[in-house]
2 protein chains.
Amino acid sequence: MSRNESPGRTVTSKVLAVLAAFDAGSRELSLTDLAQRADLPVATAHRLVGELLEWGALDRTTAGGYAVGRRLWDLGLLAPVNTDLRSVAAPFLQDLHAATRATVQLAVRDDDRALYVDRLSGSVSTPVVSRVGSRLPLHATAVGKVLLAHAPDAVRLRVLGSLTRHTPHTVTSPAILDEQLRRARRDGFATTAEEMSRGACSVAVPVCVGDEVVAALGAVVPDLRHGRPELVAGLRVASQGIGRRLALHAAR
Amino acid sequence: MSRNESPGRTVTSKVLAVLAAFDAGSRELSLTDLAQRADLPVATAHRLVGELLEWGALDRTTAGGYAVGRRLWDLGLLAPVNTDLRSVAAPFLQDLHAATRATVQLAVRDDDRALYVDRLSGSVSTPVVSRVGSRLPLHATAVGKVLLAHAPDAVRLRVLGSLTRHTPHTVTSPAILDEQLRRARRDGFATTAEEMSRGACSVAVPVCVGDEVVAALGAVVPDLRHGRPELVAGLRVASQGIGRRLALHAAR
DNA sequence: CGGTGTCCTTCCGTTGGACGGAACCTCGAG
DNA sequence: CTCGAGGTTCCGTCCAACGGAAGGACACCG
């Protein structure tokens, strides 16, 4: 319906199609690639790209291709997801990271996926799955489960209906996952054990403003047995701090 | 010439004008505001906004206004300024912050301004001037001076020609500033003392790939006398680390 | 309770800008 | 030199974008 990738009708949709060409995560594209992905004749793409370049929405790379530009980058930073949630949460992530030495992450639900809003990993670069700004499935991550557990029924049913497998440990049974979600609601936290990628387990708690869950705060650990109670407690303290500040922020 | 804010001619320019309405830093705008800033009839703005909403470039806020959307936010995260520089530098900023407890910041030069690419402040939220994504003048900040010191002559002359005052301590004499820049080149670091905002002093060093300065790394401190040599040394180590990794990254 | 303001939304006839096929560069490989 | 794969420019046709005007929706006020 609205996700209609119909042959670019309005000009705006063509502009957006050009930008969306980068969505897949490609950082750099040639004009022809761009045209292909946006489903536009090269000539048209060329014109649009020209205007976008002039404005700074796109930049030329050293390799001669096109990439998302600085102007678009800093524009994106004005998004509420960044200005409110992220800036409020940042110091708490810092403290939490300092205390646990674990990779901590903050995510919100965006439709049927978990959108990673911020992440803090060890000082030595550790390979992590979740790039900030990336979207991961709700059923195979700890933050995802928390978000899913408190999502509207419509969303939950939809997600439970299509559980794709990512590792041998991914939960693909709707019944089992539903039970996990129930427990998540009861206990106030959720866990995953190598369900999204091997060697990564995580724990997450909800971030609430009033009694609405607005985000999920998680930590990645090598295994779940080691010191989980302390970790959950730490996450809770941080999440409550974030929630309280957000409430103040919103009231202003 | 190209910065022509002429009455929205091409459709693309109108779309961009709508987005640019947020540039000033406004996080939330009503339709009428939007139309006014973009210099468009309300009816036209309404249609464009509709398309942008559908795509996710804009979002409605709880207050009923419009704000930059999530889709645009994560798109912006694909910009090279983010993916390369920021991700490489992040762990170093972490370490530096942990070691010094100071607010550390990373900036690149964008035309005649310093664009703040990342920032790490104390765990207790400290009011800081530089929001990530914001642009500050080159002549009144430490990172700015570093960037300016290594900028092409054309830029340096242009900036030296219009030194606007921000505090009583802002250097507004081209001669004095030029001398400071010379020293910055010689010593490999620059400082500011309450030149942008009261109570904030900072020190910065260049980040080099090969012999090109690609960014500046700075730290904010309450006063300049206390332990400056150690701070500069720390900054140097981090900046060299970042430079080395960037070089590897680019070579790949 | 009708008046008056502000802001949002929809409609529709006109027209000028967008469209894209085709021709033309540019460059590197064979 | 030829060939091929991008990238760039041109220009006549045509239809989608335009925006004035009119019609809600809501709030505040006398």
Side-chain angles (χ1 to χ4, degrees), chain A residues 1-22 24 26-69 72 80 250-251, chain B residues 1-22 24 26-69 72 80:
Chain A
M1 35 178 296
S2 67
R3 268 287 163 274
N4 194 355
E5 285 300 310
S6 68
R9 295 225 342 289
T10 73
V11 180
T12 310
S13 79
K14 298 188 187 188
V15 174
L16 295 177
V18 168
L19 297 182
F22 290 93
S26 339
R27 309 211 298 87
E28 184 177 347
L29 293 172
S30 73
L31 180 60
T32 340
D33 281 344
L34 219 47
Q36 218 151 10
R37 296 193 191 215
D39 190 26
L40 291 172
V42 219
T44 306
H46 182 255
R47 192 166 26 82
L48 292 180
V49 163
E51 289 190 80
L52 292 171
L53 272 180
E54 184 178 338
W55 191 74
L58 296 182
D59 269 345
R60 308 215 68 138
T61 63
T62 45
Y66 298 99
V68 176
L72 215 49
Chain B
M1 36 176 294
S2 65
R3 267 288 164 272
N4 195 355
E5 283 300 309
S6 67
R9 296 226 337 290
T10 74
V11 180
T12 309
S13 77
K14 299 189 187 186
V15 174
L16 296 176
V18 168
L19 296 182
F22 291 92
S26 339
R27 309 210 301 86
E28 185 177 347
L29 293 173
S30 74
L31 181 60
T32 340
D33 282 344
L34 219 46
Q36 219 152 11
R37 296 194 189 212
D39 192 26
L40 291 171
V42 216
T44 306
H46 183 253
R47 193 168 24 83
L48 292 179
V49 163
E51 290 191 79
L52 292 172
L53 272 181
E54 185 177 339
W55 191 75
L58 296 182
D59 269 345
R60 308 215 69 136
T61 63
T62 46
Y66 298 99
V68 176
L72 215 48

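Each chain gets a letter, A, B and so on, in the order its sequence line appears, and its residues count up from 1.
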| message | With rounding to the nearest 0.5 angstrom, report the OG to CG distance, B:Ser13 to B:Leu40. | response |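 If I round to the nearest 0.5 Å, the distance is 8.0 Å.
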| Measuring from A:Tyr66:OH to A:Asp59:CG, what's the distance to the nearest 0.5 Å? |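 A:Tyr66 atom OH to A:Asp59 atom CG measures 11.5 Å (nearest 0.5 Å).
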| Quick one: side-chain hydrogen bond (donor to acceptor under 3.5 Å, both in side chains) partners of B:Thr32, sequence neighbours excluded? |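 Result, side-chain hydrogen bond (donor to acceptor under 3.5 Å, both in side chains) vs B:Thr32: none returned.
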Once you round it to whole Å, what is the distance between [atom2] of [N] and [atom1] of [X]?
{"X": "B:Asp39", "N": "D:dG19", "atom1": "CG", "atom2": "P", "value": "10 Å"}
{"X": "B:His46", "N": "C:dC8", "atom1": "NE2", "atom2": "P", "value": "9 Å"}
{"X": "A:Glu28", "N": "D:dG6", "atom1": "CD", "atom2": "P", "value": "15 Å"}
{"X": "A:Leu58", "N": "D:dG7", "atom1": "CG", "atom2": "P", "value": "14 Å"}

| said: Using five base pairs at each end to define the local axes, how bent is the helix from C:dC1-D:dG30 to C:dG30-D:dC1, to the nearest 10°? | reply: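 Terminal axis comparison yields 30°.
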| query | Which nucleotides of nucleotides 20-28 of chain D have their base under 4.0 Å from a protein heavy atom (B), which only their sugar-phosphate (S), and which neither (-), written as one string 5' to 3'? | reply | B--------
| request: Please report the C-alpha distance between B:Leu58 and B:Leu19 in whole Å, then the side-chain angles of each, then the deciding distance to 0.1 Å, and finally whether the side-chain contact (heavy atoms from CB on, under 4.5 Å) criterion is met. | output: CA-CA 9 Å; B:Leu58 296 182; B:Leu19 296 182; 4.2 Å; yes
Expected rows: protein N/O vs nucleotides 12-18 of chain C N/O, under 3.5 Å:
unit_1: C:dA18; atom_1: OP1; unit_2: B:Val11; atom_2: N; d: 2.8

If I compare all heavy atoms of [X] with all of [Y], which pair ends up nearest, and what's the gap?
{"X": "A:Ser26", "Y": "A:Arg37", "answer": "OG-NH1, 3.0 Å"}
{"X": "A:Leu29", "Y": "A:Ala21", "answer": "CD1-O, 3.7 Å"}
{"X": "B:Glu28", "Y": "B:Ala63", "answer": "OE2-CB, 3.0 Å"}
{"X": "A:Arg27", "Y": "A:Phe22", "answer": "O-CE2, 3.9 Å"}
{"X": "B:Ala35", "Y": "B:Val42", "answer": "CB-CA, 4.0 Å"}
{"X": "B:Ala57", "Y": "B:Leu72", "answer": "O-CD2, 3.6 Å"}

Show me, pair by pair, the donor-acceptor contacts under 3.5 angstrom made by side chains of residues 46-53 of chain B, not counting sequence neighbours?
unit_1: B:Glu51; atom_1: OE1; unit_2: A:Thr10; atom_2: OG1; d: 2.4
unit_1: B:Glu51; atom_1: OE2; unit_2: A:Thr12; atom_2: OG1; d: 3.2

| said: Can you list, in residue-number order, the parts of residues 29-36 of chain B that come under 4.0 Å of DNA chain C, counting heavy atoms only? | reply: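 The stretch gives B:Ser30, B:Leu31, B:Thr32 as the residues lying under 4.0 Å from the strand, ordered by number.
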